[in-house]
Amino acid sequence: MRLLVWFSAIWVALASFAAAEDAVVVELFTSQGCSSCPPADKILSELSKRDDIIALALHVDYWDYIGWKDEFADPAHTVRQRGYSRAAGKQTIYTPQMVVGGVDHVVGSNPMKLMDTIEAHRARVKPASVTLGRDGDRVTVAIRATGTMPSGASVVQVATVTPMETVEIRRGENAGRTLKYHNIVRKLVEIGTWDGRGTYRASVRVPDGVRVVVLVQRSASGPILGAAQLR
């Protein structure tokens with residue numbers, strides 16, 4: 001009962017964030033085969049309701065060997081997580097892990113630390129502004145600098161996202177549980193690079209109605225300089 005009350009208080013605190021112009025990107029590295037992940041998945045589901053937070057669930061594949069294959073897992077997500085680990089000077093990866101703004105690492109089931117980290121990122125002005133538009137199966141992307149951009153080229157990435165799926169898990173550490181997953185990244189691809197000068201423009205084909213997130217990032221495992229989503 002105490003645990004339920006404590007988590008309820010966390011949801012209220014998460015919902016108390018005021019709307020912000022620049023959304024904070026929170027990436028959760030998770031797996032259906034990880035028994036420690038459901039609390040972090042629940043936190044991400046709450047974050048996914050916020051307009052000032054872009055919450056992304058990236059399912060990794062390194063739990064699949066214990067008896068349950070995560071249907072949302074992508075080896076590219078594991079590569080992305082390893083890149084973040086190397087950038088932070090760490091030797092290991094784990095689930096559940098949240099990466100905030102492409103920089104700060106938080107244990108995914110530690111909501112108080114996560115809230116403090118999100119708040120710190122909300123106070124930072126992002127140097128790139130991302131504007132998205134949709135016309136049927138075409139999504140237009142426009143990016144311009146609103147602050148001092150780092151030297152060199154930054155990468156522009158597009159993620160397609162499934163808002164919610166319910167999964168009955170029959171084997172592995174979560175055997176017998178029915179779990180809900182939110183903002184599941186199905187594909188994250190680089191569509192170009194941008195040197196921070198002028199306005200970057202692109203058009204990508206995405207099935208009509210599919211949720212889209214665009215990230216501008218110093219590198220594939222570097223700080224996120226700007227982001228936007230189409231729900």
Side-chain angles (χ1 to χ4, degrees), residues 14 16-29 44 47-48 50-58 76-77 79-90 93 97-106 108 113-134 139-161 183 185 187-204 206 211-231:
L14 285 170
S16 71
F17 284 127
E21 181 179 355
D22 294 322
V24 177
V25 177
V26 179
E27 299 173 66
L28 170 64
F29 293 93
L44 192 88
L47 294 178
S48 70
R50 301 295 307 168
D51 290 331
D52 58 335
I53 297 172
I54 296 176
L56 300 173
L58 294 100
H77 298 164
V79 171
R80 184 172 177 85
Q81 188 183 21
R82 291 191 187 281
Y84 278 136
S85 181
R86 286 193 299 270
K90 300 181 185 301
I93 57 175
Q97 181 188 35
M98 289 190 181
V99 178
V100 182
V103 175
D104 291 316
H105 300 196
V106 182
K113 175 65 173 176
L114 176 64
M115 289 163 58
D116 289 343
T117 306
I118 291 173
E119 184 69 8
H121 277 263
R122 286 185 60 241
R124 304 173 188 172
V125 178
K126 293 183 177 61
S129 173
V130 183
T131 303
L132 305 180
R134 188 196 292 273
V139 172
T140 57
V141 182
I143 307 168
R144 61 184 180 85
T146 53
T148 302
M149 291 286 293
S151 61
S154 300
V155 296
V156 181
Q157 302 161 97
V158 173
T160 50
V161 178
N183 279 19
V185 174
K187 188 65 69 174
L188 177 62
V189 297
E190 181 180 323
I191 62 167
T193 60
W194 178 50
D195 63 6
R197 293 178 293 184
T199 300
Y200 173 93
R201 298 186 186 279
S203 174
V204 293
V206 178
R211 183 170 296 183
V212 178
V213 171
V214 172
L215 307 176
V216 183
Q217 200 162 4
R218 183 65 189 89
S219 67
S221 53
I224 292 174
L225 308 174
Q229 64 180 336
L230 282 174
R231 293 185 179 276

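Just so it is clear, the model here is predicted, and its values are computed rather than measured.
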Distance from [X] atom [atom1] to [Y] atom [atom2], nearest 0.5 Å?
X      : Y      : atom1 : atom2 : result
Asp116 : Lys113 : CG    : NZ    : 7.0 Å
Thr199 : Ile143 : OG1   : CD1   : 9.5 Å
His77  : Leu188 : NE2   : CG    : 6.5 Å
Lys187 : Gln157 : NZ    : CD    : 13.5 Å
Gln97  : Leu58  : CD    : CG    : 11.0 Å
Leu47  : Leu56  : CG    : CG    : 10.5 Å

Stepwise side chain to side chain contact (heavy atoms under 4.5 Å, CB included) check, His121 with Val26: CA-CA 10 Å; His121 277 263; Val26 179; over 6 Å; no
Quick one: does [X]'s side chain get under 4.5 Å of [Y]'s, heavy atoms only?
X      : Y      : value
Ser221 : Arg86  : no
Pro127 : Val216 : no
Arg134 : Val212 : yes

Answer yes or no: are there more than 12 heavy-atom neighbours, outside [X] itself, under 6.0 Å from its atom [atom1]?
X      : atom1 : result
Arg231 : CZ    : yes
Arg82  : CZ    : no
Arg144 : CZ    : no

Can you name the one residue among Ile54, Val213, Ile53 that meets side-chain contact (heavy atoms from CB on, under 4.5 Å) with Val25?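 Answer after filtering Ile54, Val213, Ile53: Ile54.
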Which one of Val206, Val185, Asn183 satisfies the side-chain contact (heavy atoms from CB on, under 4.5 Å) criterion with Arg211?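 Running side-chain contact (heavy atoms from CB on, under 4.5 Å) over Val206, Val185, Asn183 with Arg211 returns exactly one hit, Asn183.
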Closest non-hydrogen atom pair, [X] against [Y]:
X      : Y      : result
Ile191 : Ala202 : CD1-CB, 4.1 Å
Arg50  : Gln229 : O-NE2, 4.4 Å
Arg80  : Leu215 : NH2-CD1, 3.8 Å
Ala153 : Thr193 : CB-CB, 4.0 Å
Ala220 : Val155 : N-CG2, 4.1 Å
Ser154 : Met149 : OG-CE, 4.0 Å

Any donor-acceptor N/O pair, Lys126 side chain to Ile224 backbone, under 3.5 Å: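 Checking the backbone N and O of Ile224 against the side chain of Lys126, no donor-acceptor pair under 3.5 Å is found.
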Output yes when a side-chain donor or acceptor of Ser48 lies under 3.5 Å from a complementary backbone atom of Ala55, and no otherwise.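 Between the backbone of Ala55 and the side chain of Ser48 there is no qualifying donor-acceptor contact (under 3.5 Å).
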